[in-house]
Each structure stands twice: as C-alpha cells, then as structure tokens.
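Structure, as structure tokens:
Values reported hereafter were calculated over all heavy atoms of this structure, with side chains retained and with hydrogens, waters and symmetry mates removed. Letters A, B, ... mirror the listed sequences (proteins, then strands); counts begin at 1.
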There are 2 protein chains.
Amino acid sequence: MHNLALVQRELFHAGPMSRADLARATGLTRVTASGLVGELIAREVVVEQGPRARSGPGKPGVLVDLDREGLQVISLDLSGAEAYRGAVMDLTGTILARLEEPRRGRETSDQAQATVLALARNLLALADRRVLGVGVGTPGVVSDQGVVLTAPNIGWDGVPLRDLLHRELSVPVVVRNDANAAALAEQTLGGGDPDMFLVRVGRGVGGALMIRGELVVGRYNAAGEIGHVPVGEGGGPECVCGKRGCLESWISVPRLGELVQEAERAGRPIEDVLSGAGTKLGILLAPIVGALNLSDVVVAGPRSLLEGTFLDAAQEALRSRILGRFHTQVRMRLPADSDDIVLRGGLVMVLESELGVS
Amino acid sequence: MHNLALVQRELFHAGPMSRADLARATGLTRVTASGLVGELIAREVVVEQGPRARSGPGKPGVLVDLDREGLQVISLDLSGAEAYRGAVMDLTGTILARLEEPRRGRETSDQAQATVLALARNLLALADRRVLGVGVGTPGVVSDQGVVLTAPNIGWDGVPLRDLLHRELSVPVVVRNDANAAALAEQTLGGGDPDMFLVRVGRGVGGALMIRGELVVGRYNAAGEIGHVPVGEGGGPECVCGKRGCLESWISVPRLGELVQEAERAGRPIEDVLSGAGTKLGILLAPIVGALNLSDVVVAGPRSLLEGTFLDAAQEALRSRILGRFHTQVRMRLPADSDDIVLRGGLVMVLESELGVS
DNA sequence: CATGTTTGTAAGTATGACTTACAAAGCGGC
DNA sequence: GCCGCTTTGTAAGTCATACTTACAAACATG
C-alpha cells in the first residue's frame with residue numbers, strides 16, 4: 001500500500017519510464033516494482049505506453065505512466081467574490097471544461113450549499129473519463145474532516161461540506177482552505193521549496209504554510225491566517241475586526257485599490273503606495289520567516305498590483321530584518337503559474353488523497 | 001521495527017502494563033504485542049515486574065516496563081556562560097551524577113572540543129549501568145548530521161561534534177541546538193502541546209518550534225533563531241549584530257539586568273521595565289503564533305525575571321494581537337520543570353533516536 | 001553470428017503481523 | 001469446594017509483501 005503510493009509519486013513527478021527505471025528510482029527491486037505496476041494497471045491508474053526508443057544495448061523497456069489523460073478530477077474554487085468557479089481537469093493540470101455559478105448577494109448558508117452542489121454535479125456530468133475525486137478550495141477555516149468551521153464570506157458555520165458532497169456525488173471529496181489549496185498547487189505543480197509560506201492577497205489576506213512538503217494546519221485548523229495580525233507595534237487604519245493596523249487593512253486588494261486611487265487624485269507616485277504596502281508585508285513576515293528559517297515566500301494575487309514595486313519592497317524589508325549570522329537566503333516571488341492556482345490546488349488535493357502523490 | 005518503537009513509546013508514556021494492556025493501547029493483537037515484548041526483553045530494554053495486583057476476574061497479567069533504572073544516558077549542556085555542564089541520568093529523568101568543566105576565557109575551538117570530550121568521558125566513567133547514548137545541547141546552529149555549523153559563543157564553525165564524540169566514546173551520540181533540546185524536554189517530559197514554540201531567554205535569545213510533535217529545523221537548520229529579528233517596525237537599541245531593536249537587544253538577561261538596575265537607581269518601578277520588555281516579546285511572537293495557529297508558548301529562562309509581570313505583559317500583548325474570529329486560544333507559560341531543561345532534553349534526544357520514543 | 005547487456009517475470013524464501021485455538025490463573029455463585 | 005466465566009499469554013498456522021535467485025526475450029556491438 002505504502003509502496004504503491006511511492007510508485008505513483010515517482011511516476012507523477014518523473015514521467016513515463018520503464019519498470020526497471022522505476023525500480024532504480026524507488027530503491028525497490030525490479031520484481032517488486034514490476035508487481036506494483038501490475039497492480040496499478042489492474043486498477044486502471046497506470047497504462048503502458050509501448051516500448052522505449054532503443055538507446056543502448058539490452059532489451060528496450062516498456063514505458064509505463066500514470067493514465068494522465070484517462071483520469072479526471074473536478075476542482076472547485078469558492079473564493080471568488082462574484083462567483084463560485086469550477087473545472088474538469090485531467091492529471092496534467094489541463095482544464096478541459098469550466099463552469100461558474102454566480103453568487104447572489106445575501107445568500108443563505110443552505111442556498112450556498114445547494115449552489116455549490118449543483119456546480120459540482122454539472123461538472124461531473126461534463127467529465128468524460130473516470131473521475132478520481134472532487135477537490136474544493138474554500139475561504140474560511142476547514143477542519144481535517146472537511147467541515148467548514150467558519151467562512152464569513154459565504155455565511156458558513158460548521159458546514160460538513162465534504163460529507164455533503166460525498167453523499168450526493170458518490171466520489172471522494174477533499175475540502176481545504178483556498179490558501180492551502182494554492183500552496184499545494186505551487187508546491188507540487190510549481191516546484192516550490194518543501195518549506196514555503198504562501199500569502200494570498202485578495203479581498204482578504206490569508207496564508208498557508210508548508211513544512212517538509214506537508215501543510216501545517218495548526219491547533220485549531222487556522223494556520224496561515226495572518227490577515228488580522230497587526231503589523232508592527234500597532235497603530236494604523238481601523239480594521240473590520242476591530243483592531244488597528246492589521247495586515248489586511250494595509251494590503252488587501254480593495255485597500256490597495258483605494259490607496260492607488262487616492263494617490264492618483266493627489267498626483268503622488270503610485271510606487272510610493274505600493275512600496276509602503278509591500279514594506280508592511282515584509283515587516284509582518286520577518287518573525288515568521290526567521291522563526292521557521294524559510295527560504296521561499298510566495299505571494300499570490302493580482303499580478304498588476306504585486307509584481308515589481310510591491311514585491312521588491314516586501315523582499316527588501318524582509319531581508320533587511322532577517323539577515324544575520326546564519327547563511328540564510330530568502331526569496332519572495334509570485335507563483336510559478338498564478339492562473340487558476342486554487343483550481344490546480346484542488347487537483348493536487350485529490351492526487352494526494354487518492355494516489356498518495358505529493 | 002516500527003512497531004517495536006510503538007511499544008516502547010507506549011510504555012514510556014503510560015508506564016508499566018501487561019502485554020494485553022499493551023495490545024489494546026497500540027491496536028496490535030495480543031500475540032504480536034507479546035512477541036514484540038519478548039524481543040525487547042531479549043534486547044534488555046524492557047523488564048518484567050511481576051504480576052499485577054489482582055483486580056477483576058481473569059488471570060492477572062504480568063507487568064512489563066522499560067528498564068527505567070537499568071539504563072542510563074549521558075547528557076551535556078554546553079550553553080552555560082561559565083561552564084560546560086553534564087550529567088548521568090536514568091530514564092526517569094533523575095540525575096544520578098553531575099560534572100562541570102569551567103570554560104576558560106578565550107578558548108580555541110580545539111580546546112573547547114577537548115574539554116567537552118573530557119567531560120563526556122568522565123561522565124561515562126561514572127555511569128554504572130548500560131549507557132544508551134549521549135545527548136548534547138549546544139548553542140549555535142546544528143545540522144541534522146550533528147555538525148555544529150556555527151556557534152559564536154564557543155568559537156565553533158563546522159565542528160562535527162557528533163562524529164567526534166561517537167568515534168571517541170563508541171556510544172550513540174545526538175547533538176542539537178540547546179533551545180531544541182529544551183523544547184524536546186518540555187514536549188516529552190513536561191506534557192507540552194504537540195504544537196509549541198519555546199523561547200529561551202538567556203545571554204542571548206533563541207527559540208525552537210515543534211509541530212505535530214516534531215522539531216522544525218528549517219531550510220538552513222536555523223529555525224527558531226528569533227533573537228536577531230527586529231521587533232516592530234524598527235528603531236530601538238543598537239544590537240551586536242548591527243541592526244536596531246532586535247528582540248535580543250530588548251529582552252536578553254544581561255539587557256534586562258541593566259534595565260532593572262537603571263530603574264532602581266532612578267527610583268522607577270521595576271515592573272514598568274519588565275512589562276515593557278514582555279510586550280516586545282508578545283509583539284514579535286504575534287505573527288508567528290498567528291501564522292502557525294499555536295496554542296502553547298513556553299518561555300524558558302530565569303524565573304525571577306520572567307515569572308509574573310514579564311510573562312503577563314507578553315501574553316497580554318500577544319493575545320490582543322491574535323484574538324479574532326477563530327476560536328483560538330493561546331497560553332504563555334514557564335516550563336513545567338525549568339531545572340536542567342537542556343540536560344533533560346539530552347535524555348529525550350537519546351530516547352528518540354535509540355528507542356523511537358517521542 | 002556469437003557475446004554481452006538489459007528487461008521483465010517465475011519460483012522460492014524471509015519477515016511481520018494476523019487469526020484461531022488452548023492451557024493457565026484468577027473471580028464469583030452455588 | 002467446585003463449576004462456569006473471564007482474562008492472560010503463547011503455540012500453530014495463514015496471509016501479505018518484499019526480497020533473492022534464476023531465466024527467457026530482445027537488443028547493440030564487434
């Protein structure tokens with residue numbers, strides 16, 4: 001069981017190879033690897049791709065690989081302000097179909113659940129291959145049982161979303177916080193460092209932390225929630241949460257929009273605004289990056305706002321606070337591929353839970 | 001192999017029990033548990049303690065337990081300013097013998113190594129039972145291979161301490177940073193939360209982080225090193241590292257001593273000083289505790305300085321910055337047992353590496 | 001075309017845990 | 001005091017998984 005996952009993981013990351021290659025890569029014997037591949041072929045997860053182009057001496061091997069185009073995954077991103085979005089994807093990450101369900105203002109919790117369920121159902125109907133599972137990235141705090149403990153934006157409070165969808169759809173379902181989904185996507189598909197912090201800048205500000213390739217969930221499933229931690233010693237604009245100077249009150253997209261508009265009206269350079277906001281992010285991140293000795297910080301959000309001035313200022317503020325006697329280096333960057341990062345995270349979630357790929 | 005460690009872990013934490021109890025506690029069958037116990041008895045790690053006082057119906061079981069007093073561990077604490085300290089301990093954590101080697105001012109790296117080796121040798125000679133291994137807590141940054149990458153206080157730079165001691169002493173050796181050792185002690189012997197941050201306030205300020213019961217080491221083995229992260233937006237006293245307002249420049253023991261003396265001379269209340277310093281710590285910890293969603297923060301250091309005002313102020317500053325929409329609670333506290341916390345950490349390190357106990 | 005290399009699988013072995021079965025040792029009710 | 005019931009610890013056999021050994025098939029090279 002454990003070694004089946006090992007083989008799947010190796011295939012996922014290294015691509016098509018022969019059974020003998022697989023044995024060398026995993027450290028198993030050729031016999032064992034061959035047996036495991038047989039089992040996976042029987043499960044219709046792995047397929048043979050014909051003989052390898054002959055290269056050296058010896059019998060050419062038969063390439064095997066995950067059935068990347070013969071298996072599909074449904075992915076949902078519930079973090080959008082205007083709509084719930086979803087897609088049918090194959091294991092390559094290619095989006096084969098998209099659907100959206102607009103969010104009606106002032107939906108009840110039950111209405112939102114029904115809308116999400118309908119979206120998932122419609123996507124499932126669009127899938128034309130075997131569906132491995134459904135991966136959902138939602139705003140809010142999610143338990144490891146897939147219960148949305150609290151999601152103010154959607155009006156959810158203790159909604160057992162995973163069990164609900166699983167009961168209605170009869171396929172495996174994984175539910176996680178949207179920032180966690182994004183971090184998984186960046187880690188597994190984007191080649192992030194095994195130790196990584198990802199900041200998601202949107203209507204709100206959230207984050208996700210990966211250590212040694214695994215998500216950190218925290219004591220109350222709220223790890224990564226840095227939006228409402230005040231920057232520095234205090235002071236600053238009042239935040240919706242009642243405190244002053246929370247990170248979110250400095251760098252959320254709506255807030256940055258306001259500040260940019262103000263600057264434009266007053267004829268001041270926009271760079272000053274973006275640079276100031278980036279600095280706030282760097283200040284807040286410094287203790288985290290220092291305490292965890294991180295080397296990779298990803299900032300996911302609107303590229304037009306974040307790329308350049310904002311990110312440079314954040315990185316400068318962070319580095320100047322971290323640099324010290326330890327040969328520590330840290331880079332701040334945008335995601336390798338920021339399009340549909342939460343949807344791709346949903347794919348990774350299913351791969352992780354169904355195939356043990358991570 | 002894996003289940004042997006499982007049995008040892010269960011015995012360590014739950015104490016003497018019968019083979020049948022062990023089976024129920026571990027989820028293994030009685031047959032398997034019995035076989036594993038037999039193996040451990042053959043290895044002279046576990047001993048029978050005679051029949052249990054008859055309680056209910058049925059044949060009374062025979063109690064088995066780790067041979068807590070028949071196995072010993074050597075522990076070294078190299079973090080002292082005036083001396084290297086060491087002890088012979090049994091598995092209960094009882095200190096059976098102590099030794100110290102004074103630090104001569106301006107030792108060379110080689111001299112320090114020789115002193116530490118001699119200390120370990122002398123302790124080993126004092127042990128009168130089988131020695132499981134040597135656990136060393138040292139200041140500085142330590143690789144997972146037991147190489148002290150950099151320890152300015154001792155003048156070490158890339159010293160392969162583990163291999164050195166292992167070669168000379170012929171017993172298993174584990175080397176870790178002193179704060180990490182303290183965190184392991186608190187976690188395993190003091191009943192800390194599986195997610196925990198420990199701050200060590202001494203001549204310098206260090207820290208250690210445990211997530212899901214495991215130490216976080218970070219990308220460059222420097223996780224926990226928060227002493228030289230500036231508090232807040234900057235400003236404050238100049239630090240030895242060249243930056244301004246580093247945590248260490250606010251709350252190190254020497255610095256607190258200075259501040260207290262100043263206050264006494266000026267006739268100001270000492271509480272103000274301690275409260276201000278505690279607040280700095282709370283401010284720095286807020287992003288860390290928020291991002292990791294921690295619920296347990298331990299502050300290890302001189303009780304007379306930290307207990308009361310300092311800790312209360314730190315906790316107040318931390319809580320006021322963290323509190324939010326998530327049902328998150330966090331407590332700051334002193335260690336359950338602050339005496340010899342690094343030495344007890346050395347014991348845990350050996351237990352972890354030799355018996356898989358954690 | 002003989003030789004050496006590499007692949008994939010068949011057959012047997014070793015390990016570790018599981019299920020089933022049973023003797024030994026206690027308690028309680030009669 | 002004895003019979004039935006419960007619990008403990010172990011013996012014997014089964015099952016799953018990976019390993020070692022051995023071999024036929026397919027290819028490159030001289």
Closest nucleotide among dA28(D), dC18(C), dT8(D) to the Leu28(B) side chain: dC18(C)

Minimal non-hydrogen separation, Arg30(A) against Ala20(A), with atom names: CD-CB, 3.7 Å

Pairwise 5' ranking along DNA chain D for Arg19(B) and Leu4(A), keeping only the more 5' one: Arg19(B)

Atom pair distance, as rounded to whole Å: CZ in Arg30(B) and C1' in dC18(C): 13 Å

Gln72(B) vs Asp128(B), side chain to side chain donor-acceptor pair (under 3.5 Å): CA-CA, chis, key distance, verdict: CA-CA 8 Å; Gln72(B) 298 183 343; Asp128(B) 56 355; 2.7 Å; yes

Sugar-phosphate only, base, or nothing, as touched by Arg52(A) at under 4.0 Å among non-hydrogen atoms: nothing

Short side-chain N/O contact to dT17(D) OP1/OP2 from Asn3(A), under 4.0 Å: no

Between P of dG16(C) and CG of Leu6(B), the distance in whole Å: 15 Å

Phosphate OP1/OP2 of dT19(C) contacted by Thr29(B) side-chain N/O (<4.0 Å): no

Which nucleotide in dG8(C), dC18(C), dT9(C) has an atom nearest any side-chain atom of Lys59(A): dG8(C)

Under-4.0 Å side-chain N/O to phosphate OP1/OP2 contact, Thr32(B) with dC18(C): yes

Candidate nucleotides dT9(C), dG9(D), dC27(D), ranked by approach to the side chain of Val31(A) - the nearest: dT9(C)

